[in-house]
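What follows is a short report on a single structure.
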Amino acid sequence: MTPAIRARRLLPAAMIVAVILGGGLALAVSLRTPVPGGAPVKPVPAARPDGTAAARSQAQPRVPQVNLAGLRWNDFYGVELPSSAAAGPRDTSGGLAAGFAHSPLGALLAAVNIGVRANAQWGPRIFTAVIRGHVTGPDAATLLVNCQAAYDQASQPAGVAGGAPLGGVDVAEQAFRWVAYTPAAAIIDLVSAGPGGQGAAVRASTRIQVIWDGGDWKVIAPPGGNWGNSATGLSSLRGYTLFPGQEGGR
């Protein structure tokens, strides 16, 4: 992280509970700014692309192979987000992310880039446009309401006005694993890492679902419009694929 990024107002390590939509996502959830109706971080069952639960004893889904060698990393308020010249996002104007390739890599990059942006931390000018334009599903409206409520609750104590972001975060999108993929839909577990006590990294895995809709990938809002319902703490990266250059976390 560059000195300029470190100079920003960062969330203290003790306040980082789960890191999105997911991203979550980085889904940086502050202990002081809980999403209304939030539930504790808990394990998430396996799911099919249509969002219904699936028994783990069923046959393993087809796992795509993606080439990560050409990824570029771009700063987004302290979070390094991946992009690809071939797979997107091709449009990041206004803090948004759109224009992903209809491919496994495009689905992965959409899950990371959209999931992270659908977060109260970045302010309503970003999360409102992201959720209205790039998030779908029955809980999308609730996600927007929750993000606005969390932002309203946190902005005044933080001295933030005018819809500006609440501050930067010290978070890395570290790894991922495929749960399921078809050309129409995909499910990905995304690992985010932030600094914990005594220099150790704190990790969380957030399950993000995307669907191909209207010529682009869109994220399905988490259950109850709360990323905490799709996240679980993580103690091992076994079974996950590390993003190049992100192996050490933060």
Side-chain angles (χ1 to χ4, degrees), residues 20-27 44 46-52 61-74 76 79-119 122 126-144 147 173-192 205-223 225 227 230-231 240-241 243 246:
I20 345 112
L21 155 307
L25 16 275
L27 307 176
V44 180
R48 300 188 184 96
D50 62 4
T52 59
R62 179 170 63 93
V63 177
Q65 300 296 317
V66 292
N67 185 356
L68 306 176
L71 291 185
R72 300 170 298 190
W73 295 88
N74 308 289
F76 184 80
V79 186
E80 295 292 315
L81 294 180
S83 65
S84 162
R90 298 184 180 91
D91 183 4
T92 56
S93 59
L96 308 185
F100 297 94
H102 194 188
S103 67
L105 182 56
L108 172 62
L109 295 177
V112 179
N113 280 274
I114 298 173
V116 166
R117 287 169 165 86
N119 184 346
W122 323 126
I126 292 178
F127 69 69
T128 299
V130 169
I131 294 172
R132 286 179 174 171
H134 307 284
V135 177
T136 188
D139 294 306
T142 304
L143 176 62
L144 179 57
C147 282
E173 302 310 321
Q174 192 175 31
F176 69 94
R177 71 179 177 190
W178 295 100
V179 178
Y181 175 83
T182 72
I187 306 173
I188 299 160
D189 289 339
L190 176 66
V191 177
S192 304
S205 177
T206 303
R207 180 153 293 181
I208 302 179
Q209 302 184 49
V210 296
I211 62 170
W212 184 255
D213 179 28
D216 209 353
W217 291 104
K218 292 183 178 179
V219 165
I220 296 179
W227 286 114
S230 296
Y240 289 84
T241 299
F243 282 115
Q246 306 296 307

Considering only heavy atoms from C-beta outward, does the side chain of [X] approach that of [Y] to under 4.5 Å?
{"X": "Val219", "Y": "His134", "value": "no"}
{"X": "Trp178", "Y": "Pro64", "value": "yes"}
{"X": "Trp212", "Y": "Lys218", "value": "no"}
{"X": "Leu96", "Y": "Asp91", "value": "no"}
{"X": "Leu68", "Y": "Leu108", "value": "yes"}
{"X": "Ser192", "Y": "Thr206", "value": "no"}
{"X": "Thr136", "Y": "Ile211", "value": "yes"}
{"X": "Pro82", "Y": "Leu109", "value": "yes"}

#### Entry: Separation of Ser84 OG from Leu71 CG (nearest 0.5 Å)
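Nearest 0.5 Å value for the CG-OG distance: 6.5 Å.
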### Message
If we check ring-ring contact (aromatic ring centres under 6.0 Å, His included) with Phe176, which of these qualifies: Phe243, Tyr240, Tyr181?
### Response
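Result for ring-ring contact (aromatic ring centres under 6.0 Å, His included) with Phe176: Phe243.
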### Query
For the side-chain contact (heavy atoms from CB on, under 4.5 Å) test, which of Val63, Ile208, Ile188, Ile187 pairs with Val179?
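Testing each of Val63, Ile208, Ile188, Ile187 against Val179, the sole residue satisfying side-chain contact (heavy atoms from CB on, under 4.5 Å) is Ile187.
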### Task
Going by the side-chain contact (heavy atoms from CB on, under 4.5 Å) test, name the single residue among Leu143, Leu144, Val135, Asn119 that passes it with Phe127.
Leu144
Closest approach of [X] to [Y] (non-hydrogen atoms, all atoms of both residues):
{"X": "Glu173", "Y": "Glu80", "answer": "CG-O, 4.2 Å"}
{"X": "Cys147", "Y": "Ile131", "answer": "SG-CD1, 4.0 Å"}
{"X": "Val66", "Y": "Pro104", "answer": "CG1-CB, 3.6 Å"}
{"X": "Gly137", "Y": "Ile220", "answer": "CA-CG2, 4.4 Å"}
{"X": "Gly95", "Y": "Ile126", "answer": "O-CG2, 4.0 Å"}
{"X": "Ala101", "Y": "Ala86", "answer": "CB-O, 3.7 Å"}

### Query
Are the ring centres of Trp217 and His102 closer than 6.0 Å?
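They qualify: ring centres under 6.0 Å apart.
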### Query
Does Asn113 offer a backbone N or O that forms a donor-acceptor pair with the side chain of Arg117 under 3.5 Å?
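Here the side-chain-to-backbone pair exists.
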### Message
Please evaluate residues Leu190 and Arg177 with respect to the criterion side-chain contact (heavy atoms from CB on, under 4.5 Å), reporting the C-alpha separation (whole Å), side-chain torsions for both, the decisive distance (0.1 Å), and the verdict.
### Response
CA-CA 7 Å; Leu190 176 66; Arg177 71 179 177 190; over 6 Å; no
### Message
For a side-chain contact (heavy atoms from CB on, under 4.5 Å) check, start with the C-alpha distance between Asn67 and Leu105, then their side-chain angles and the critical distance, and finish with the verdict.
### Response
CA-CA 8 Å; Asn67 185 356; Leu105 182 56; 5.9 Å; no
### Message
Can a side-chain donor-acceptor contact be found between Asp189 and Ser205 if the only test is distance below 3.5 angstrom?
### Response
no
